*Asks:* 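Okay, here's the structure, questions in a sec.
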There are 2 protein chains.
Amino acid sequence: MDYGDFGEARIMGDPRTLQAQVLSRLRRNIMLGRIEPGQSLTIRGLAEELDVSAMPVREALRQLVAERAVELQDNRRVRIPPMTIERFNDLIAARVVLEAEAAERAMPYVTEAIIAEMAELDAAITRAEAVRDYDVWIGANFAFHACLYGAAGRSTFLPLIESLWLQVGPFLRRAIMSSDTHYAVDRHHEALTALRLRDTMALRIAIEADIRDGISHIGSTLIRSEARRSAVSAGNA
Amino acid sequence: MDYGDFGEARIMGDPRTLQAQVLSRLRRNIMLGRIEPGQSLTIRGLAEELDVSAMPVREALRQLVAERAVELQDNRRVRIPPMTIERFNDLIAARVVLEAEAAERAMPYVTEAIIAEMAELDAAITRAEAVRDYDVWIGANFAFHACLYGAAGRSTFLPLIESLWLQVGPFLRRAIMSSDTHYAVDRHHEALTALRLRDTMALRIAIEADIRDGISHIGSTLIRSEARRSAVSAGNA
DNA sequence: TGCGCCAATATGTGATCACAAATAGCCGGT
DNA sequence: ACCGGCTATTTGTGATCACATATTGGCGCA
């Protein structure tokens, strides 16, 4: 059972508890889509992989359940939830309403330094797209948004939004891996322009369009093709 | 350390794990505001109160941390977070955008039975207000909303919204306990009318107004008076 | 009175274990 | 081939413990 390039979760000198380190590692890997939808996560398997005892893993999994990053099944097993069309549409809708509002509320606190950082992240995304580096592509994308929404240094919206990213991440990776093209309009660029102009409406529109573009269409198509494949598989069983 | 009318968390015949029972109990009590903002929750204290070992309590607390119902402090202690004006405003704003969207998305799935149930809950709220039964007042209010948003039987929006209710609950109870009056317009009644008429815009308006009315004004005033009291207290120290 | 130090106590964390519950595989019967 | 029963194995849960960390209280000194 290989979850990607794991090694020990322990980092020498890290002041965080083991539990926090494990949680951080798992969150990152889920958000980057490095664990497939449907994949089960076992306490003992993860503990062995990360070279820790069961306790920090158990506690981390509890947190991930609460964040909806993983689902607790009837048989008490934990897995990355498979994606459905309805769930996908709900996740996109929730992202749109929360992120547009968060962006608007953040605008008064956005400094030139923040804009510069966001521009750097956007450039990183572009480079990652060119070489199909999915980790950076997805990671920098979320970081771009987090940079903006976190500008006020407050903590109500971002955890909600991160829960959505955790839920969408495993699927997002599959979606961009299966797409040959990318959507033509750089909405991040539009968002940056809106921020520089302090144009709230344009910022909202850019953020919403960014969330809705491409991935929405790719996502729906991929879910349908996976549902078709799943039905065939059920027919064989 | 008394957390309210606790007894054993174990219920004979309950198929749920102890952990799930503890979590459910704590979530309920936090959402109903039965634990004060600022109150610390200790693993051993809760375990003794609920007559269980530390394990299910630890795991439940981890979930509550992830749901932002409680905050993990720098000293590793867990407490109900105190309220600030900024946080309060953010929570209201997040509730508005999420709940209005959830209501709209739920409308196609709302049956006559659901409307009847919501009307019954609204009547219960009115009765509870008259006798100052805060548990029913708050509980039925959230249940009214949950009934609506859960109409589609889906699970993306409701956990996000419940996290907000968990964050607002402790403060909400204090706010309504300190208020002599209640706001004059029954927004729930308006929501029910909108549902019966299948009027999406009216439903949105009613839900948003319900969230914003009264509690917003009461809340801001109470936070200011508590901040004032806190400053005096710091002056004496 | 305020500060620093130290010891006692409280609290959280990680490890481990026994047991409960679920799963997988095998065998026999229809 | 399918189903049911049984056993072995896997996995989750709750309990407990030792240790690490944080807090509290008391004492001495300026």
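Bear in mind the structure is a predicted one, so any value in this text is a computation, not a measurement. Chain naming here is simple, since letters A, B, ... match the order of the sequence lines and numbering starts at 1 in each.
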*Asks:* Which nucleotide in the list D:dT13, C:dG14, C:dG12 gets nearest to the side chain of B:R77?
*Replies:*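 Given the options D:dT13, C:dG14, C:dG12, the side chain of B:R77 is closest to C:dG12.
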*Asks:* Could you give the distance from CG (B:L61) to CD (B:Q19), rounded to the nearest 0.5 Å?
*Replies:*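 So the CG of B:L61 and the CD of B:Q19 are separated by 10.0 Å.
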*Asks:* Between B:N75 and C:dG12, does any side-chain N or O lie under 4.0 Å from OP1 or OP2?
*Replies:*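 No.
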*Asks:* Salt bridge or not between B:E86 and A:R154? Use side-chain N to carboxylate O under 4.0 Å.
*Replies:*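 No salt bridge links B:E86 with A:R154.
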*Asks:* Can you tell me the distance, in whole Å, between the CD1 atom of B:I43 and the P atom of D:dC17?
*Replies:*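 In whole Å, D:dC17 P and B:I43 CD1 are 17 Å from each other.
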*Asks:* What is the ring orientation for B:F142 with B:W165, classed by angle as parallel under 30°, tilted 30 to 60°, or perpendicular over 60°?
*Replies:*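 Rings of B:F142 and B:W165: parallel, under 30°.
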*Asks:* Considering only side-chain heavy atoms of A:A54, which listed nucleotide, D:dT13, D:dT16, C:dT16, is closest?
*Replies:*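 Comparing D:dT13, D:dT16, C:dT16 against the side chain of A:A54, the answer is C:dT16.
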*Asks:* It should be established whether A:S53 places a side-chain nitrogen or oxygen under 4.0 Å from OP1 or OP2 of nucleotide C:dA15.
*Replies:*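 Yes.
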*Asks:* Nearest-Å distance, CG (B:L23) to P (D:dT13)?
*Replies:*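 B:L23 atom CG is separated from D:dT13 atom P by 13 Å.
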*Asks:* Compare the minimum distances between each of C:dG12, C:dT13, D:dG12 and the side chain of A:T42, then state the nucleotide with the smallest one.
*Replies:*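 Minimum distance to the A:T42 side chain belongs to D:dG12.
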*Asks:* Measure from the side-chain heavy atoms of B:M55 and tell me the nearest of D:dA15, C:dT13, C:dG14.
*Replies:*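 The listed nucleotide nearest to B:M55's side chain is D:dA15.
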*Asks:* Any idea which of D:dT11, C:dA15, C:dG12 is nearest the B:R44 side chain?
*Replies:*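 The answer is C:dG12, which lies nearest to the side chain.
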*Asks:* Mind calculating the distance between CZ (B:R62) and P (C:dT11) to the nearest angstrom?
*Replies:*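 Taking CZ of B:R62 and P of C:dT11, I get 16 Å after rounding.
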*Asks:* Using the closest heavy atom to pick a nucleotide of DNA chain C for each, name whichever of A:R76 or A:T17 lands nearer the 5' end.
*Replies:*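 Of the two residues, A:T17 wins.
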*Asks:* Relative to the ring of B:H145, is the ring of B:Y149 parallel (under 30°), tilted (30 to 60°) or perpendicular (over 60°)?
*Replies:*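 Tilted: the ring planes of B:Y149 and B:H145 meet at 30° to 60°.
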*Asks:* Base, sugar-phosphate alone, or nothing: which one does B:E59 contact when heavy atoms must sit under 4.0 Å apart?
*Replies:*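 B:E59: no heavy atom of the nucleic acid under 4.0 Å.
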*Asks:* Taking N and O atoms by type only, does the side chain of A:R58 place a donor or acceptor under 3.5 Å from a partner on the base of C:dG14?
*Replies:*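 Donor-acceptor pair under 3.5 Å: no.
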*Asks:* So, does A:S163 use its side chain to make a donor-acceptor pair with the main chain of A:E67 at under 3.5 Å?
*Replies:*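 Yes; at least one donor-acceptor contact below 3.5 Å.
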*Asks:* Test of understanding: with salt bridge (charged side-chain N to carboxylate O under 4.0 Å, His left out), list the residues that count as partners of B:D135, not counting sequence neighbours.
*Replies:*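 By the salt bridge (charged side-chain N to carboxylate O under 4.0 Å, His left out) rule, B:D135 matches B:R34, B:R173.
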*Asks:* In whole Å, what is the span from the CD atom of A:Q73 to the C1' atom of C:dT23?
*Replies:*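 Value for this atom pair: 13 Å.
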*Asks:* Rounded off to whole Å, could you give me the CG-to-P distance for the A:L61 and D:dT11 pair?
*Replies:*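 So the CG-P distance, A:L61 to D:dT11, works out to 13 Å.
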*Asks:* Any side-chain N or O of B:R16 less than 4.0 Å from the OP1 or OP2 oxygen of C:dA21?
*Replies:*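 For C:dA21, neither OP1 nor OP2 has a side-chain N or O of B:R16 closer than 4.0 Å.
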*Asks:* Considering only NZ, NE, NH1 and NH2 on the basic side and carboxylate oxygens on the acidic side, decide whether A:R105 and A:E101 come within less than 4.0 Å.
*Replies:*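 A salt bridge is present here (some side-chain N lies under 4.0 Å from a carboxylate O).
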*Asks:* Without decimals, in angstroms, what is the distance between B:L46 CG and D:dG14 P?
*Replies:*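 Rounded to the whole Å, the gap is 15 Å.
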*Asks:* To the closest 0.5 Å, what do you measure between CZ (B:R68) and OG1 (A:T156)?
*Replies:*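 OG1 of A:T156 is found 8.0 Å from CZ of B:R68.
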*Asks:* Round to the nearest Å and state the distance from A:Q19 atom CD to C:dA15 atom P.
*Replies:*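 Spelled out: CD on A:Q19 to P on C:dA15 is 12 Å.
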*Asks:* What nucleotide among D:dG14, C:dG12, D:dT13 has an atom nearest to a side-chain atom of B:L18?
*Replies:*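 The answer is D:dG14.
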*Asks:* Whole Å only: how far is the CG atom of A:L50 from the P atom of C:dA15?
*Replies:*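 Distance, rounded to whole Å: 12 Å.
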*Asks:* Give me the bend of the helix from C:dT1-D:dA30 to C:dT30-D:dA1, using the axes of the five pairs at each end, rounded to 10°.
*Replies:*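 So the angle between the two local helix axes works out to 20°.
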